[in-house]
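For reference, the structure discussed in these notes is given below.
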Amino acid sequence: MPELPEVETVRRALEPVLTGRRLVRVEIADSRLVRPLEPLQVAAELEGERVAAVERRGKYLIVRFESARSLLIHLRMTGSLRHAPAGTLADDPHRRAVVRLDDGSDVAYRDVRRFGTWLVLEPGELAPYLAMRLGPEPLGPLTAARLAARFARRRAPIKAVLLDQRTLAGVGNIYADEALWYAGVHPLRPAAGLDGEEAARVHRSVRRVLRAGIERQGASLRDYVQLDGAGGTMQDEFRAYGREGEPCDRCGAPIEKIRIAGRGTWYCPHCQPSPG
DNA sequence: CTTTTTCCCTGGACGC
DNA sequence: TGCGTCCAGGGAAAAA
């Protein structure tokens, strides 16, 4: 499940591959990828474009073209990208799109569960599209005080608030649980109920786990792989996520699992004291 | 306005 | 072996 560190890892690998390259042929094999537009129409729009830059905002990959158009890619749950010389990637029933570059290589998009999306935006459309969906970048110039101010307006559980992309862009289920474990904050605590010290710990912990995730080139559980097909190693560092019944690395108490906002949530009942 | 729930989608794990 | 059921979850949309 690609979150900010996984998407950033892909972006860093994709940048030297795509920048300056022209898209000479685009095949979109799954109409759901570009719905409600037609695959042939979207492919035709992309063919001939030359890449100016590869950026990331939250969990979105942004391919900027010299034409000032952009392609917005969201991997959602099971999307992944691969890069290889043309024709060398093995047949894959889950391949949803392939882009042929003018250097004779292919970038292929795979997505088992078909939640991912590709969206072509015209000049001027990108900024407002992202602005209405995303809050600040957690690794940008966001201060603890500004994050605390966002928490103060929300009565929902801190876990749900961290997953809300308008509060903070790029945190998903894994890194939310990891950050709250490091912060020592129970995931059900109402966000507005955190004091300044606790909010500062969440701020610091979110940045810590995201940076660690990037250093480890992401967490590979099921489908996420890097551009060359290799996995990341952040899953070896998990303190809470997916560790139900295992001893907490800090105090030894068994990690517990609950559901918040429809998502599995793991935490230490001793280090992260219950709100009730 | 905020918050919660439902839906999309497939494959793997599990019980019988 | 082969079913039926549950689970994984990001974000849009609907419901509360």
Side-chain angles (χ1 to χ4, degrees), chain A residues 1-8 10 28-37 39 56-62 72-81 92-97 109-119 121 128-135 137-138 149-180 187-194 206 210 213 218-225 231 234-235 238 240-245 255-267 275:
Chain A
M1 47 219 78
E3 306 180 24
L4 188 153
E6 289 74 29
V7 178
E8 177 61 20
V10 172
I28 294 170
D30 179 7
S31 66
R32 201 185 196 291
L33 185 62
V34 293
R35 221 160 59 183
L37 299 181
R56 179 196 56 76
R57 180 82 169 84
K59 302 173 193 170
Y60 288 94
L61 269 175
I62 303 164
L72 202 54
I73 296 177
H74 201 303
L75 303 173
R76 296 287 171 99
M77 298 300 301
T78 56
S80 63
L81 289 162
D92 179 0
H94 299 114
R95 184 171 305 159
R96 310 302 182 191
Y109 178 74
R110 167 188 164 89
D111 190 352
V112 171
R113 286 166 63 184
R114 304 166 67 207
F115 280 1
T117 52
W118 283 23
L119 180 62
L121 293 172
Y129 184 92
L130 295 175
M132 72 162 52
R133 289 170 173 78
L134 301 178
E137 283 292 314
R150 288 177 172 264
F151 291 165
R153 298 195 289 265
R154 306 289 302 273
R155 288 185 229 225
I158 182 67
K159 167 73 183 276
V161 170
L162 287 177
L163 292 178
D164 181 348
Q165 300 301 294
R166 275 172 282 226
T167 301
L168 198 60
V171 176
N173 204 41
I174 289 173
Y175 292 91
D177 281 4
E178 293 301 296
L180 291 174
L188 279 175
R189 291 277 303 281
L194 301 190
V206 164
L210 294 178
S220 292
L221 295 180
R222 281 170 282 271
D223 299 274
Y224 163 73
V225 292
M234 185 63 186
Q235 65 280 2
F238 288 170
Y241 181 86
R243 297 191 58 185
E244 183 177 13
I255 297 292
E256 292 186 1
K257 182 186 182 186
I258 55 177
R259 283 192 89 76
I260 300 176
R263 273 46 176 158
T265 299
W266 290 266
Y267 69 101

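In what follows, every chain begins at residue 1, and chains take the letters A, B, ... in the order their sequences are listed.
Per the geometry, CG belonging to A:D30 stands 16 Å off P belonging to B:dC8, to the nearest Å. For the pair A:L168 CG and C:dG11 C1', the interatomic distance rounds to 16 Å; values are reported in whole Å. Summarising the geometry, the separation between CG on A:L4 and P on C:dG11 is reported as 11 Å, rounded to the nearest angstrom. When the P atom of C:dG11 is taken as reference, atom CG of A:L119 falls 14 Å away, rounded to whole Å. Rounded to an integer number of Å, the gap from NZ of A:K59 to P of C:dA12 is 11 Å. Between A:R113 atom CZ and C:dA12 atom P the separation is 17 Å, expressed in whole Å. Across the protein-nucleic acid pair, A:M77 atom CE and B:dC7 atom C1' stand 14 Å apart, rounded to whole Å. Distance, A:R154 CZ to B:dT3 P: 5 Å, rounded to whole Å.
With A:R57 as the partner, the side-chain contact (heavy atoms from CB on, under 4.5 Å) test is satisfied by one option alone out of A:L130, A:L72, A:L4: A:L130.
Under a 3.5 Å cut-off, the side chain of A:D177 and the backbone N or O of A:A240 do not form any donor-acceptor pair.
Rounded to the nearest 0.5 Å, atoms NE2 (A:H74) and CG (A:D111) are 11.5 Å apart.
Of the residues near DNA chain C, A:R259 and A:R133, the one whose nearest nucleotide (by heavy atom distance) lies more toward the 5' end is A:R259.
Comparing C:dA8, B:dT10, C:dG11 against the side chain of A:V112 picks out B:dT10 as the nearest. Here C:dG11 is the nucleotide among C:dG11, B:dT3, C:dA8 with the atom lying nearest to any side-chain atom of A:Q165. Out of B:dT10, B:dT4, C:dG11, the shortest distance to the side chain of A:R76 is found at C:dG11. The A:A156 side chain lies nearest to B:dT4 when the options are B:dT4, B:dC8, C:dA12. Comparing B:dC9, B:dT3, C:dG11 against the side chain of A:R32 picks out B:dC9 as the nearest. Considering only side-chain atoms of A:R35, the nucleotide from C:dA8, B:dT3, B:dC9 that sits closest is B:dC9.
In summary, the side chains of A:R259 and A:T265 do not present any donor paired with an acceptor at a separation below 3.5 Å, with no hydrogens or angles considered.
Note on A:H94: every side-chain N or O is 4.0 Å or more away from OP1 and OP2 of B:dC9.
Contacts of A:G264 with the nucleic acid, taken as non-hydrogen atoms under 4.0 Å apart, involve only primed sugar atoms and P, OP1 or OP2.
No more than 12 heavy atoms of other residues, nucleotides or ligands lie within 6.0 Å of CZ in A:R155, so this atom counts as exposed by the packing criterion.
No N or O donor and acceptor, one from the side chain of A:R114 and one from the base of B:dC9, sit under 3.5 Å apart.
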